[in-house]
Amino acid sequence: MSVTEDRVRTSGGETFESLSPATGEVVATLPVHSEAEVRQAVQLARKASQWWAGIGFDERKKRLQSFAGVLTRRREELLELISRENGKPSVDAFIEHLLAIEHLDWAARNAQRVMKPRKVAGSMLLANVKPILEYQPVGVVGVIGPWNYPLFTPMGSIAYALAAGNAVVFKPSEFTPAIGVWLADAFATVVPEQPVFQVVTGFGETGAALCRAGVDKLAFTGSAPTGRKIMAACAETLTPVLLELGGKDALLVDADADVKAAAGAALWGACSNAGQTCIGVERVYVVDAVYDQFVAELTAAAKDIRAGGDKPVIGPMTMPKQLDIVREHVEEALDRGAKAIVGGRESVRAPYIDPIILIDVPEDARVMREETFGPVLPVSRVKDLDEGIERANRTAYGLGAAVFAKKRGYEAARRIRSGMASVNSVLAFAGFPSLPFGGVGESGFGRIHGEDGLKEFTRPKAIAQQRFSTPAEMMSFDRPAWLPKVAARLGELKYGRRGR
Ligand code: NAD
């Protein structure tokens, strides 16, 4: 049966439009999939998942690598759609595309190594039994994604879930739905037999329906408040969840750092993608000895950076309501005595925001505690790196972090309470398919990317296979009376002297 026959069709009901954030033009008109339609998609996916799991690692690898080929050959078309629907400059879309392909290829190449059956350590008492561990696909994975990296972010779940042998039903953000539909259509050209990767479109209700539609795992990337709702919905059916949520990432600069490099990285980490990056730099702590130099370098680097224009390096804000949040954070900080050394209130000019750099911001201001998600950077002075670490950790979030230092960079990176950290660079950890990606606290739990990311979409299967029978079986009513005594003696020899 072909995908077109098999694919979920809307009942001809409600539709919605996705709009270009820069021009307001209609990019696509798409169905608002109902609860029944989402359930139907999951049912189709159930059958497809059995077929997909059955074709084996080699064939899946071939298909996923062909998918990477299609994404590469049709790159310009996809980048143009990302720029139009999300608003980001083409070069930002290109970086996202490059990373997504790397992850897709890594997942395809490594799934078998990570999941295949392996013999694990044996037991003295069960010497006749072989313990085998393997990882099996969970079945159907529901993926709900955000709009800020409409390709890279969902692919972190989709590619790894598919490589692990699952079918996927993806609900893209209502701000970037056409990109999701484009991806599923491109995938269907390399896997035409079954609807292994489907897309349902709509708003929060469609996402909520996916949580309740009988998926075997739900991978969510988005904000912490929505993450809570997802977890509550999934709790009704004991559906396991993976939550990739927001962040308030700090960048630390020590006295021996390359200050110019730190300033350039802080600016790019805070302002690229218009600051709408979950692992973007949202706070900077600089040790006293290099604070003035850092502020001077940062101000100089930011001088000519503007949003919009003919060849934009910063695009428009994708979501109109985010402009209000950014404005509120900046105004509250300024009203409470902060100083804007680059930009200011006037930098928020819908749909664009020019870079805003703040100093002397009270530590309890919203811009220091809540996700701002705009090109805004508060810079604070600290006495030393230890104070920087302590203040970086004063947040409920814990996604990424960065440290610029020569001697103590690695040590500080380890001490920051976050799922990821970069030393002498920003955001670098996201570029390694072999490194797990995810957070702690309000930033969520579970991991995408790497071995952990593959295992996230599997269930471990433990098998103990008896190879030969023994005359004296401990786990039997026929066990000889001497056997427990021998086992007790062996235990004493092995553990009895410990801790004396
Ligand atoms: P959001 O939480 O508003 O929406 C995310 C998705 O959830 C959308 O598809 C939306 O339709 C859906 N949704 C909304 N309500 C729902 C409900 N009740 N049930 C099910 N689904 C529902 O987030 P957003 O504004 O699209 O994305 C921005 C956020 O995502 C930021 O907080 C950012 O930090 C975070 N993010 C995190 C990562 C990461 O990997 N940790 C990556 C990118 C973005």
Side-chain angles (χ1 to χ4, degrees), residues 96 99-100 103 141 143-150 152-161 173 217-232 234 240-252 269-270 272-273 275-285 366-374 388-403 410 412-423 425-457:
E96 185 174 346
L99 290 175
H103 281 277
V141 174
V143 175
I144 300 178
W147 45 265
N148 60 336
Y149 286 84
F152 174 63
T153 292
M155 278 293 262
S157 295
I158 293 166
Y160 289 80
S173 165
K217 179 133 194 180
L218 197 291
F220 171 73
T221 309
S223 62
T226 311
R228 286 191 167 77
K229 290 186 198 157
I230 301 263
M231 204 168 161
C234 286
V241 291
L242 158 69
L243 298 181
E244 294 288 349
L245 310 177
K248 192 72 198 168
D249 292 6
L251 181 148
L252 272 48
S272 63
N273 209 39
Q276 307 168 116
T277 302
C278 56
I279 47 170
V281 178
E282 292 242 343
R283 296 173 291 156
V284 178
Y285 295 103
R366 287 180 69 190
V367 78
M368 298 298 285
R369 290 181 295 114
E370 299 171 21
E371 196 177 36
T372 306
F373 230 51
I389 296 168
E390 194 265 313
R391 283 169 68 173
N393 285 344
R394 269 192 230 163
T395 170
Y397 287 112
L399 196 54
V403 186
Y410 179 68
R414 292 191 69 215
R415 283 172 55 195
I416 295 175
R417 180 181 166 275
S418 68
M420 304 157 293
S422 301
V423 180
S425 64
V426 285
L427 280 60
F429 44 78
F432 292 91
S434 47
L435 279 179
F437 187 106
V440 301
E442 289 276 314
S443 295
F445 51 79
R447 294 291 182 265
I448 53 172
H449 302 174
E451 287 193 16
D452 298 86
L454 275 168
K455 285 183 184 167
E456 198 70 52
F457 300 108

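As the structure is a prediction and not an experimental result, all values here were calculated from the model. Computed from heavy atoms alone, side chains included, the values below leave out hydrogens, waters and symmetry copies.
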Visitor: Inspect the contact between Lys217 and Glu456 and indicate whether a charged nitrogen and a carboxylate oxygen are less than 4.0 angstrom apart.
Guide: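 Salt bridge flag = yes for Lys217 with Glu456.
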Visitor: Which heavy atom in Ala413 sits nearest to a heavy atom in Val423, and how many Å separate them?
Guide: CB-CG2, 3.8 Å
Visitor: Closest approach of Gly227 and Leu245, non-hydrogen atoms and distance?
Guide: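 Closest approach of Gly227 to Leu245: CA-CD2, 4.0 Å.
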Visitor: Got a donor-acceptor contact below 3.5 angstrom from the Asp249 side chain to the Ala402 backbone?
Guide: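 Looks like no, no N/O pair under 3.5 Å.
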Visitor: Starting at CD1 of Ile389, measure out to CZ of Arg414 and round the result to the nearest 0.5 Å.
Guide: 11.5 Å
Visitor: I'd like to know if the side chain of Ser418 and the backbone of Met420 have a donor-acceptor N/O pair within less than 3.5 Å.
Guide: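 Yes: the side chain of Ser418 pairs with the backbone of Met420.
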Visitor: Identify all side-chain donor-acceptor contacts of residues 443-451 below 3.5 Å with residues at least two apart in sequence or on another chain.
Guide:
{"residue": "Ser443", "atom": "OG", "partner": "Gly246", "partner atom": "O", "Å": "2.7"}
{"residue": "Ser443", "atom": "OG", "partner": "Gly398", "partner atom": "N", "Å": "2.9"}
{"residue": "Ser443", "atom": "OG", "partner": "Leu399", "partner atom": "N", "Å": "3.2"}
{"residue": "Arg447", "atom": "NH1", "partner": "Gly439", "partner atom": "O", "Å": "3.0"}
{"residue": "Glu451", "atom": "OE2", "partner": "Arg113", "partner atom": "NH1", "Å": "2.7"}
{"residue": "Glu451", "atom": "OE2", "partner": "Arg113", "partner atom": "NH2", "Å": "3.3"}

Visitor: For Glu371, give me all partners under side-chain contact (heavy atoms from CB on, under 4.5 Å), at least two apart in sequence or on another chain.
Guide: Glu282, Phe373, Tyr397
Visitor: CG/Leu243 to OG1/Thr221 distance, rounded to the nearest 0.5 angstrom?
Guide: 9.0 Å
Visitor: Work out which heavy atom in Phe457 is nearest to a heavy atom in Leu242; give both atom names and the distance.
Guide: CZ-CD2, 3.7 Å
Visitor: Roughly how far apart are Thr395 OG1 and Met368 CE, rounded to 0.5 Å?
Guide: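 Here the rounded value is 10.0 Å.
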Visitor: Met155 vs Tyr160, test: side-chain contact (heavy atoms from CB on, under 4.5 Å). Steps then yes/no.
Guide: CA-CA 8 Å; Met155 278 293 262; Tyr160 289 80; over 6 Å; no
Visitor: So which heavy atom on Ile279 is nearest to which on Gly400, and how close?
Guide: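 Closest pair (atom of Ile279, atom of Gly400, distance): CG2-N, 4.5 Å.
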Visitor: In Å, rounded to the nearest 0.5 Å, how long is the span from CH2 of Trp147 to OG1 of Thr153?
Guide: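 Result: 10.5 Å between the selected atoms.
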Visitor: Evaluate side-chain contact (heavy atoms from CB on, under 4.5 Å) for Arg283 paired with Lys248, printing each intermediate quantity in order.
Guide: CA-CA 7 Å; Arg283 296 173 291 156; Lys248 192 72 198 168; 3.7 Å; yes
Visitor: Are side-chain heavy atoms of Tyr285 and Leu251 found at a separation under 4.5 Å?
Guide: no
Visitor: List in chain and number order the residues that pass side-chain contact (heavy atoms from CB on, under 4.5 Å) with Arg369, two or more places apart in sequence or in another chain; answer none if no residue qualifies.
Guide: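 If we apply the side-chain contact (heavy atoms from CB on, under 4.5 Å) test to Arg369, skipping adjacent residues, the hits are Asp364, Arg366.
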Visitor: Can you name the closest pair of heavy atoms from Pro433 and Gly431 and give their distance?
Guide: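 Smallest heavy-atom distance, with atoms named: CD-O, 3.3 Å.
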Visitor: To the nearest 0.5 Å, how far apart are CD in Gln276 and OH in Tyr149?
Guide: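 With rounding to 0.5 Å, CD (Gln276) is 8.5 Å from OH (Tyr149).
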Visitor: Looking only at non-hydrogen atoms, find the nearest pair between Pro154 and Val143 and report the distance.
Guide: O-CG1, 4.4 Å
Visitor: Please round to the nearest 0.5 Å and tell me the distance separating atom NE2 of His103 and atom CD1 of Ile158.
Guide: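 Between His103 NE2 and Ile158 CD1, I get 13.5 Å after rounding to 0.5 Å.
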